[in-house]
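Here's the structure we're looking at; comments come further down.
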Number of protein chains: 4
Amino acid sequence: MTAKPKLRIGLIGTGFMGKAHVFGFASAPKVFDLPMEIELACVADITEEAAAKAAAAFGFARGTADWREMIADPGIDVIDITAPNALHKEMALAAIAAGKHVYCEKPLAPLAADAREMAEAAEAAGVKTQVGFNYLCNPMLGLAKEMIEGGELGEIRGYRGLHAEDYMADPMAPWTFRHDPAGGGALADIGSHALATAEYLLGPVTEVMGDCVTMIAERPDGRGGTKAVEVDDVGRAFLRFANGAQGSVEGNWIATGRKMQHDFEVYGTRGALAFSQERFSELHFYSADDAPGRRGFRRIEAAPEHAPYGRFCVAPGHQLGFNDLKAIEVAGYVSAIGSGGGEPFNFRKGLRIQTLVETIQQSSKERIWKPV
Amino acid sequence: MTAKPKLRIGLIGTGFMGKAHVFGFASAPKVFDLPMEIELACVADITEEAAAKAAAAFGFARGTADWREMIADPGIDVIDITAPNALHKEMALAAIAAGKHVYCEKPLAPLAADAREMAEAAEAAGVKTQVGFNYLCNPMLGLAKEMIEGGELGEIRGYRGLHAEDYMADPMAPWTFRHDPAGGGALADIGSHALATAEYLLGPVTEVMGDCVTMIAERPDGRGGTKAVEVDDVGRAFLRFANGAQGSVEGNWIATGRKMQHDFEVYGTRGALAFSQERFSELHFYSADDAPGRRGFRRIEAAPEHAPYGRFCVAPGHQLGFNDLKAIEVAGYVSAIGSGGGEPFNFRKGLRIQTLVETIQQSSKERIWKPV
Amino acid sequence: MTAKPKLRIGLIGTGFMGKAHVFGFASAPKVFDLPMEIELACVADITEEAAAKAAAAFGFARGTADWREMIADPGIDVIDITAPNALHKEMALAAIAAGKHVYCEKPLAPLAADAREMAEAAEAAGVKTQVGFNYLCNPMLGLAKEMIEGGELGEIRGYRGLHAEDYMADPMAPWTFRHDPAGGGALADIGSHALATAEYLLGPVTEVMGDCVTMIAERPDGRGGTKAVEVDDVGRAFLRFANGAQGSVEGNWIATGRKMQHDFEVYGTRGALAFSQERFSELHFYSADDAPGRRGFRRIEAAPEHAPYGRFCVAPGHQLGFNDLKAIEVAGYVSAIGSGGGEPFNFRKGLRIQTLVETIQQSSKERIWKPV
Amino acid sequence: MTAKPKLRIGLIGTGFMGKAHVFGFASAPKVFDLPMEIELACVADITEEAAAKAAAAFGFARGTADWREMIADPGIDVIDITAPNALHKEMALAAIAAGKHVYCEKPLAPLAADAREMAEAAEAAGVKTQVGFNYLCNPMLGLAKEMIEGGELGEIRGYRGLHAEDYMADPMAPWTFRHDPAGGGALADIGSHALATAEYLLGPVTEVMGDCVTMIAERPDGRGGTKAVEVDDVGRAFLRFANGAQGSVEGNWIATGRKMQHDFEVYGTRGALAFSQERFSELHFYSADDAPGRRGFRRIEAAPEHAPYGRFCVAPGHQLGFNDLKAIEVAGYVSAIGSGGGEPFNFRKGLRIQTLVETIQQSSKERIWKPV
C-alpha cells in the first residue's frame, strides 16, 4: 500500500462554518476512500492566541493571526476561506496568485463582479476551487436529480423552491454584515441556496422577475442607535428555465417558526417530487404510472441505494446529519484535486449563483423581467 | 313553537356542484338552528326527463327544463345557479329582475365587467346574494382569521398561498369551457380560491405582479382535432396587502399528484400559521411566546372550540368533510336572508375576486405591476 | 318512475349519536340511490317537550316520551336505538318482539350474554339489525380490506391496532355509565372499535392475552363525593388470528392529547399499510414490489376510485367527514332491508365484538391467555 | 495549554459498527472539548492483511490479526469490541483482566448470565465500561427525559414503545448469528433498544408479560439447505413501571417497509410526548396547559437549546445524523474515563437490558407475568 499524496489545508475562520469544515475534513477520509491524505496544516484567526487555541481544538499543526503569511506558506496546498463575505475576494485572489487551490464558503463574494474576477483568476491559474453549497450534497437531492434527468417524472413543467428561516424575524436582531447593501439580504444569504438547488435540478434559468422586500426598515446598530436596512428580508422571483419549465423561488429570513425550510416541489408530465430540508432524509415521489386507486406521494427514506449514503451507514433508516453533508462536499472537492477532474461546485458555479441573485435584485428594483 | 318562514329553493344545474348544494340544503337544517325552513321547490336541468329524475333523486317538488319559467315562478324565493360559468350572468340578472335572492357558484362570471353588472343589479334590487367560496367556511380558516385579527401572530408580515391540483396535467384532457379565453384558466378556476383565502385572512390586496403561463398549448377538441389553449395552466402573483404585508399566490392545475393543495403560510412578528387543505381539519400554529426549547408548530385539530364544528360533532377528532363546508355556507346564507344581515360572501365579494384575477392576468400580459 | 317503498324510522335518543344518525338519514338518500325512501316517523326523548322539540329540529313527524308506545306503533319499521348502553337490550328485545328492524349504537349491550340474547332474538324473528361501528364505513378501510384480501400485501403476518383518546384523562371527569363495572371501561368503549377494525381487516381472532389497567382509581360522583372506578382506563391485548397472523391492540381513554387515534399498521410479506383516523382520508401503502431505491410508504388520498367516496364528491381531494361515514352506514343498512341481503354489521357481529372484549377482560383478570 | 492525557484505543471489528465507532472517535474531539486525547492505536481484524488495510483506511497506527495480543499491549487503554455478539464475553473478560477499559457494542452478551459476569468483573476491576445504546444519545431523547423528570407532562401514566424494522422480513434472508437460540431474536436485537429507551425515560420496569413469536420457521442455511428458527421475529411485552405507569413495548424485525421505527409515546396527566426515530430531530409535545382551542402536538425541532446539539451546529434546523449520535456516545464515555465519573451506559446497564429481554422471553415461554 503506497502512501497517498498529502493535501495540506490552511483554514481561515473558526466560526460556525469553520467548524463545519473541520468536521468535514475529519470525517471525509474515514467515510470515503479519498485519493489524497488530508493534513490540517494551519488555521488563521484574528489573534495569535485565538489561532493557537483553535489549532489545538481542531487538530491543526499550527495557528496564525496572519492569513497572508499562511497563503505564502509553501507547505499549504488549499486555502479554505470561511471568513466574512466581504473578505472572500481579497483572500481568494491572494491564494490563487500563490497557486493554491481555494475552497470558499458561500457566497463567493458580495457582488457578482467580484465573483467573476475570482472565477476568472482561478481558471487562469488552473487551480481547483469549491464553493460551499452543501445542501446539494444530500444524497436525496442527488436522487431527485437522477430521477429528473432519467425521465422518471416525464417532461418537467414546474418548480416551486423556497428557503425560509426566521433568524432575522426579530426587529431587535442587530444590523450585521448580512444587512450590508453590497451583497446582503435574504435572497443573497439563503435565497441563493434555493437558486442553487433549482438550477442543480432543472438546469439553467433564463429569465427572472424579482420581488425583493424590506419589512424591517431599521435595526439596532449595536451602539445604542439604529441603522437603516436597505436589503431585502424577503426576496422572491418568477423563473423561466431553458428546459421549458417555469416556476418560482423565495428566500425569506423573517419566516417566524421556520428553521430550515429549504423546500421544493417539481412537477413533470408523469410524476412529481416534494422535498423539505426539515426532513432531509426523505424524498416524496408521486408516479402517475402507479396503478389507479394506488397512487400517492411515496416517502422514500435515504438508504444505501442512494449514494453516497452507504458510505456512512450500511443500513437504511440511520440518517445523515448536516455535518455529513459537509463531509460529502469535502470528499468531492478532494477527489477533484486528486484526480484532476471537475469540481462539484467551483467558482464558476458560485459566480452563476451571484449573477442570478443580482439579476433578481435588479429586476425587483426596475420592476421588470430580466434575462439571465 | 311557531312555524318558521319557508325559503323555497330553485336550483339550476345538477352536476358536481348542484349535488353538493343539495347536500348542503339537506344537512344545514339538521345541523343548525336556521331562521327559515328550506324547501326544495324546483330543479332545472337540460331536459324535462333529466329534471324530473333529478327532482326525484334530490327531493325537489318538481323539475323543469326551462329555467326562465322557474325564475318567474312566484313560489320560489332563491335561485341557486350551478350551471356553466358562461350562463351565470344571464341567469342571475333574470333572477334579480324577478326579485329573487341569488346563490351562485364561483366564479360569479367569466369577466369582472359581467360580475360587476351582477353585483350592482343585486344591490340595486336589494336581494341577498352568495357566491360559493366554500373553503372559507372551514372552521379552521375561521380560527386562522380569529388568531390573525386577535393579534396572536403579532403584526402580519408575509403570506404564501397556493391552490394546486392536477386535473389538467394530462395534455389529452380535452378543451372545455375552463379553457375559454373569456374567463378560463387555472388562476380563474382555482387560483381564485387562493386569492379569496388570502383576502379573507389578511384583508385587501393593493398591488399585484402576475405571471400566467400556458404549458400545454393545445388540447383535443373532442372532434378528433385539437384546439389552441390561450389560458394559463399556472397563474401566480406577487402581492402587496393594505395592512403592510407582502406575499405571493399561485393557482396551478397541472401540479401532477396534487388533488387539493389549497395551502397557505402566514408569518407575523410573534407567530405563524401553516395550513393545507389536504388535511383541512388541522391548523399548524407556531408561537414565539412558547418557552425557549419548547417551540414548534403545533397541530391544532378541529374541535368544538372552533365554531361551528360543534354543530356537527360534539367531540373533537371526528372531522368535517367537504359537504359539511357546503352546509355551513348554506347556513350562513339562509341566516343572512332570514335576519336581513350581511351575507358571508356576496356578489360584491365575488366581483372582488374576479377583479383580482383579471388584474393579475393583465399584469402578466403587460409584464408590469398593477394596482388593484 | 315508481315510488319507492317507505322505511319509517323511530329514533330513541337525541344526543351526539342520535344527531349523527339523523344526519345520516338526511344525507344517505341524497348521496345514494337507496331502494327505500327513509321517512323520519317518530323520535323518543325523556319528556314530551324534549321529544317535540327534537322532532321539530330534526324533521320527525312526531315526538314521544314513551319509547314503548313508539315500538308498538305499526307505522314504524325500524327502531333506532341511541339511548344509554344499559337500555339497549330492553329496547331492542321489545322492538324485535314487535317485528321491527333494529339499528343500535355500539356497544350492542354492556355484557356479551345480553348481546347474545339480542342477536339470537333478532335472528329468530328474521328482522334486519345493524350496530353502529361507523369507522368501518370509511372508504379507506374498505380499500385496506380489498388490498389485504386481494393479496397486495402478500401473506399477512402482523397487526398493531389502537384506539386512543383523552376524554377520561382528567381525574376530575366524573363517574358515568361508562365506568359501570357491567360493560364499562376503555376497552369496551373504544377498544371495541380497534377490535372491530382488526377483525374487519384480518378476520377472526382466535386467542387473546389481556391487560386491563385502572389508572384513576376514583372519580367524582357528581354529588360532592367520589366513587371507586373498577373498569380499565387502558385495555390492551396480544392477539392471534385464524389466518396465522399475530399482533396487538389497545384501547385507551387517558391518552392525553389524542382525540381520535384509531390507528393500525398491517404487515405482510410483500407490503404494509399504515392508517390513522386522525387523517382518515389517507391510507399509507408500502409495496416491496416498487423498484429498489424508489420504495416508501405511499400516501393514497381518498378519491372516486375508492367507493363509495365518489357518491359524495366526484373529484379527489375533497374528503368525507365523520357524518358522511354515518350516511354510508345508514345506506348499507337500508340497502340490506330493501334487498333482503346481509347487513354490513349486524347484531351477530356486535355480539362478536362484545365477546372479544369480555374475553380480553377475563384474560386480564386471570392473567392467562384465553381462546376466543 | 498543557497537553491532554492520551486515551489509546484498540478496536476489534471493522464492520458497520466498527466503522461507526471510528467515525465517533474522529468527530468527538472536534465537536467536544474532551478531557483526553483519543489515539487510534490498533485495530484487530480476522487476517493481518484485513487489519493492515483497516488500519490505513481508518487511521489506526497499526493492525493485528490477534486481538489477544492487542489486549496484552500496554500501549492500549481501551478495548473497543464490535465483534460478533458471541465473542463479546471472552474478549471483554480478557480486556478487563488486563486492566483495560472496555467499550462494547450492544448486546453486552447473548445471555444475561454472561452479561452479569462481565459487569461484575468490570466493577471488581474498577475499569470504565460502555455499551453502545446510541439512540439514547439523541438530544431529543435527552429533552424528553428532562421534560418527563421536570414534570412538564404531569404524573406519567402510560407508555408505548416500539422498534420495528424489516431486515428479516424476507424468508430467504439466511440464518445468521442473530437467529441463534442463545441470545438471538428480534426482541434481543432491536426490542432491546425499545426497552433501553423505555427505562431511560420512565425508570425501572418491575413486571412484564411477554409474547415472542416466530413467524418464519426456517431460513436458508447458506449451504443449500434450511435451518429451523427458534427465536422470535416479533417480541412484545406488557409493562409495569416502578413509578406507577404501565405500557407496552415491541421489537419487530419483519415489519415490511419500516427501516427505523424506534418510536414511543408517553402520556402524563398534563401532557404527552410522541417520537419517531424516522424523524429523530423532532419531538412532539402536547401540553394540556396550552389555551383551549390552541392545543395540539407541537413539533419541536432540534436546536442549540437541546444540548449537545449546539456542539455540532450553532443554528437550529441543521440536524444531527446517526454517526453524530455515536460521537456523543464516545464523548460521554471518554469524559467518564477522564473525569472518573459515571459512564453514560455501563455494563451494569447493559446487563439490565439483557435481563429484561430474558425475562420477557421467559414470560412468553411460560405464558405468565414475571417480575423483573
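All chains are named by letter (A, B, ...) in the order of the sequence lines, taking the proteins before the strands, and each is independently numbered beginning at 1. Just so you know, these numbers come straight off a predicted model, no measurement behind them.
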So which part of [X] gets closer than 4.5 Å to some heavy atom of chain D, the side chain, the backbone, both or neither?
{"X": "E278(C)", "value": "neither"}
{"X": "L162(C)", "value": "side chain"}
{"X": "F238(C)", "value": "both"}

| field | Listed partners of H193(C) passing ring-ring contact (aromatic ring centres under 6.0 Å, His included), at least two apart | value | F133(C), Y135(C), H163(C)

| remark: In terms of heavy-atom pairs under 4.5 Å with chain D, the winner among T269(C), D166(C), V234(C), V266(C) is V234(C)

| Any idea which of S287(C), A237(C), A288(C) has the most non-hydrogen atom pairs under 4.5 angstrom with chain D? | A237(C)

What are the residues of [range], in order of number, with any heavy atom under 4.5 angstrom from a heavy atom of chain D?
{"range": "residues 194-216 of chain C", "result": "E207(C), M209(C), G210(C), D211(C), V213(C), M215(C), I216(C)"}
{"range": "residues 239-257 of chain C", "result": "R240(C), G244(C), A245(C), Q246(C), G247(C), S248(C), E250(C), N252(C), I254(C), A255(C), T256(C), G257(C)"}
{"range": "residues 361-372 of chain C", "result": "R367(C), W369(C)"}

| remark: Heavy atoms of R157(D) and A169(C) approach each other most closely as NH1-O, 2.7 Å

| field | Side-chain touch Y286(D)/R258(C), heavy atoms, less than 4.5 angstrom | value |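 Of all side-chain heavy-atom pairs linking R258(C) with Y286(D), none is under 4.5 Å.
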
| Relative to chain C, which of R270(D), R236(D), R295(D) shows the most heavy atom pairs under 4.5 Å? | R236(D)

| said: Heavy-atom count check: over 12 atoms from other residues, nucleotides or ligands less than 6.0 Å from E146(C) CD? | reply: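 Yes.
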
